Amino acid sequence: MLDQKLIRENPRFVEENLSLRGKVFNISPIHKLTLEKKDIDIKISDLQSESKKLSKLIGLEISKSQNNNSQVIHELKDKGNEFRTKIAELEEKKRILDHTIKKEILSLPNFPSKDAPIGKDENDNIQIKTWGDHFKKENLKSHLEIGESLNLFESKKTTKISKSRFITLIGNGSRLERALINFMLDIHSKNGYLELMPPALINSESLQGSGQLPKFSNESFNCSNDDLWLSPTAEVPLTAFHRNEIINTELLPIKYVAYSPCFRREAGSYGRDTKGLIRLHQFNKVELYWFCDPSKSLEAHRSITADAESILKKLNLPYRLVDICTGDLGFSSSRTFDLEVWLPSSKSYREISSCSNCLDFQARRSSIRTKIDKKNQYIHTLNGSGLAVGRTMAAILENGQQLDGSVKIPDALVPYYGSDFIKTI
RNA sequence: GGAGAGGUGGCUGAGUGGUCGAAAGCGAACGACUCGAAAUCGUUUAAUAGGUAACUAUUCGUGGGUUCGAAUCCCACCCUCUCCGCCA
C-alpha cells in the first residue's frame, strides 16, 4: 500500500513512479478525495473539541444545581444535540470517503525500484548470470515422460479425486518430494532461518496484508462459508504472523523459512503447461521470508536471493539469475530477481524461485512497524522461494536422466532420498 | 455442539454514566545515597493520527446504538479460558 499522505501531497511523484510499470496511472481522482478527507478530518476534530468542552460544562452545571431540568441545562443540551448532528453528518461523509480512498489505494501496486530495468514485459527482463553445466543432448525425455516411465506421479486418475491440474505423487516420486522439502528446510535452518509451519487456510485480512486482495481474488480458492482462503503462498501467512505489531528493532532481521502447500486457481492460464509438474492448482513450496530494518533491505535482497540460489547449487542444477523489468514486476514488489532452472528437454529456463523486495508495501498494508529514533517506521519485507518443490523435482528428473532410463539423484540429496538413483521398480 | 466465565496501558489489576486516558502494584528509565552495587528514597513512564511546535482528536476486544457526555448501559460479532460431548 502506498502512503496516503504521499498521494495527497505529491500526486505527480506517485503517478510518475507507478507509470514505470508501463501503464498509465491517473490518481487525480484519489488525490482529490484525500484532500476532501483531510478537510473533513479537521472540521470533525474541531467540532469534537467544542462538543467535549460543552459536555464537561453540562456536567459541572448539573452538579452545581440540584435541578437537572433547569432552563440553562436544557439549552446547553440542545446545543450539544446540534453538535452531535453536525458531527454525525460529517462522519458519514468521512466514512464513505475513507472507504473509497482505501479501496483505490489498495488496488495500486508498489513503486518499481529505480534500480530495476525499465521494460514492458518479460521479454525485457535482463539475465544477470548463468550457473552450471547445461545438459544439451538431443532426444532427452521430458520430466513428464520420465515420471510416467518410473511411475513417480499420476494426473489422469487424479482428475477423479479433484480435477485437472492436480497430481498424485506415487512411491519414489512422493519420497523424492519429501526428501526435497526436508533438504531445503534443513539447509535454510542451518543458514539462520527459523522454521514455521503456518496454516493453509487464511483469512481475507491476511491476503489483503500481503497484496493478493482485493485485486486478485480470482487467483485464490475461497471457502466462502468461513471467510477463509486456501493460501496461494506461505508469503501470506508469514506476513500476517506479525500483522499489527511493533517489532523491537534489536530482533531484526527476522528470517523465517516455511514449507507449505500452495493453492492457485491459475485463472487465465488455460492451455499453458497443462501436463506435468510445472503448473498445478496445488504444489509444495519452501518459502524464505525476511522482516528487516528499512535501511537494510537492499543488502537483504541480495542475501535472500543467494540463499535461494544455494539450493540450486547444492543440487547441481543449472540455472540463471534474471532481473525482472518494471513492467513484469509483481504487484507488491519493487524489485525482483527470478531464479530460472534449466530444463533440458525443452532447452529452456523455467522460473523456480522469485525473490522480491517489497520495501514497506506489505508492512504498511499489514501495519508492521519498528521504533527508530522514537518514531514508528514501517519495516521492509522480502520473500523468496527456496524453492518451488515440484519444479525442483522436474529439474532433477530432466537434468539427472540416464541412458538406461534411471535418474541420478544429486549427491547432496542422497542422504535425504536414501539412494543414488531412481530406477524402475 | 452444550453450559459457564472473561477480554482495561509493557505486565498484574481496580474502575458500573460527568476533569477517567484510566487507581494501585510490578516492570522500565533517570536522579539521590554508595568507592561501586544491592536495598532504600525521589521523579518520570500508554499508544495512534495530524501539526515545526503549542496543541487537537481518537483508542479500555471489534462494530453499531442510547446519551449533552460511555471503559461503565443496550445490541451484534470476534477472541480467550474452564467444564461436558465429539474427534486426528
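Chain naming here is simple, since letters A, B, ... match the order of the sequence lines and numbering starts at 1 in each. This one's a predicted model, so the numbers in the text were calculated from it and none came from an experiment.
Comparing G9(B) with G18(B), their C1' atoms are spaced 23 Å from each other, to the whole Å. The separation of G10(B) from C81(B), taken at their C1' atoms, amounts to 22 Å, rounded to a whole angstrom. Separating the C1' atom of A28(B) from that of U12(B) is a span of 15 Å, rounded to the nearest Å. For the P atom pair drawn from C20(B) and G1(B), the interatomic distance equals 43 Å after rounding to whole Å. Between the P atoms of C60(B) and A70(B), the separation comes to 11 Å (whole Å). Nucleotides C77(B) and C87(B), compared at atom C1', are 27 Å apart to the nearest Å. Rounded to whole Å, the C1' atom of U34(B) lies 42 Å from the corresponding atom of A53(B). When the P atom is used for both A54(B) and U59(B), the distance is 22 Å, rounded to whole Å.
Residue-level contact check: Ile58(A) touches the bases, meaning some heavy atom is under 4.0 Å from a base atom. Backbone-only engagement by Lys371(A) is indicated by non-hydrogen atom pairs under 4.0 Å involving sugar-phosphate atoms exclusively. Among the protein residues, Gly59(A) comes within range of the nucleic acid bases, having at least one heavy atom under 4.0 Å from a base atom. Nucleic acid contact for Arg8(A): none, since no nucleic acid atom lies under 4.0 Å from a heavy atom of the residue.
Checked against a 6.0 Å centroid threshold, the rings of Tyr417(A) and Phe183(A) do not count as neighbours. For Phe241(A) and Tyr256(A), the gap between ring centers is short of 6.0 Å.
Residues Ile246(A) and Lys371(A) come closest through the heavy atom pair CG2-N, 4.3 Å. Smallest separation of non-hydrogen atoms from Gln212(A) and Thr233(A): NE2-CG2, 4.1 Å.
Candidate nucleotides G64(B), G51(B), A57(B) were compared by shortest atom distance to the side chain of Glu9(A), and G51(B) ranks first. Considering only side-chain atoms of Lys56(A), the nucleotide from G21(B), C68(B), A57(B) that sits closest is G21(B). With G18(B), A57(B), G50(B) as the candidates, the nucleotide lying closest to the side chain of Lys38(A) is G50(B). Counting only heavy atoms from C-beta on, Ser45(A) has its side chain closest to U56(B) among U58(B), U56(B), G18(B).
Taking a pair to require two hydrogen-bonding distances under 3.5 Å in either a Watson-Crick or a G-U wobble arrangement, A54(B) remains unpaired. Both distances falling under 3.5 Å, in either a Watson-Crick or a G-U wobble arrangement, place G7(B) opposite C78(B). Pairing for G42(B) goes to C30(B), judged as Watson-Crick or G-U wobble with the two contacts each under 3.5 Å. Look at G18(B): its Watson-Crick or wobble partner, with both distances under 3.5 angstrom, is C68(B). Base pairing annotation: C83(B) forms a Watson-Crick or G-U wobble pair with G2(B), both donor-acceptor distances under 3.5 Å.
A salt bridge links Asp323(A) with Arg335(A): at least one charged nitrogen is closer than 4.0 Å to a carboxylate oxygen.
The distance between atom NZ of Lys52(A) and atom C1' of U58(B), rounded to the nearest whole Å, is 8 Å. Following rounding to the nearest Å, Glu50(A) (CD) and C55(B) (P) show an atom-to-atom distance of 19 Å. Spacing between atom CG of Leu97(A) and atom P of A49(B) amounts to 21 Å, rounded to whole angstrom units. The CG-P distance, from Asn244(A) to A49(B), rounds to 13 Å in whole Å. Atom CG in Asp227(A) sits about 11 Å away from atom P in C79(B), given to the nearest Å. For the pair Glu82(A) CD and G69(B) P, the interatomic distance rounds to 13 Å; values are reported in whole Å. Taking atom CD on Glu75(A) and atom C1' on C68(B), their separation rounds to 14 Å, with Å as the unit. Atom CG in Asn248(A) sits roughly 13 Å away from atom C1' in A28(B) (whole-Å rounding).
The side chain of Lys5(A) places an N or O atom within less than 4.0 Å of a non-bridging phosphate oxygen (OP1 or OP2) of G51(B). Taking side-chain N and O atoms only, Gln48(A) has a distance below 4.0 Å to OP1 or OP2 of U58(B). An OP1 or OP2 oxygen of A47(B) is reached within less than 4.0 angstrom by no side-chain nitrogen or oxygen of Arg369(A). For the pair Ser49(A) and A57(B), the criterion of a side-chain N or O lying under 4.0 Å from OP1 or OP2 is met.
The aromatic rings of Tyr193(A) and Trp290(A) sit perpendicular, their planes meeting at an angle over 60°, well past the 30° parallel limit.
Cys292(A) is listed as a side-chain neighbour of Ser297(A), based on a closest heavy-atom distance under 4.5 Å.
Of the residues near RNA chain B, Ile246(A) and Ser55(A), the one whose nearest nucleotide (by heavy atom distance) lies more toward the 5' end is Ser55(A).
Residue His188(A) holds its NE2 atom at 13.5 Å from CG of Leu194(A), rounded to the nearest 0.5 Å.
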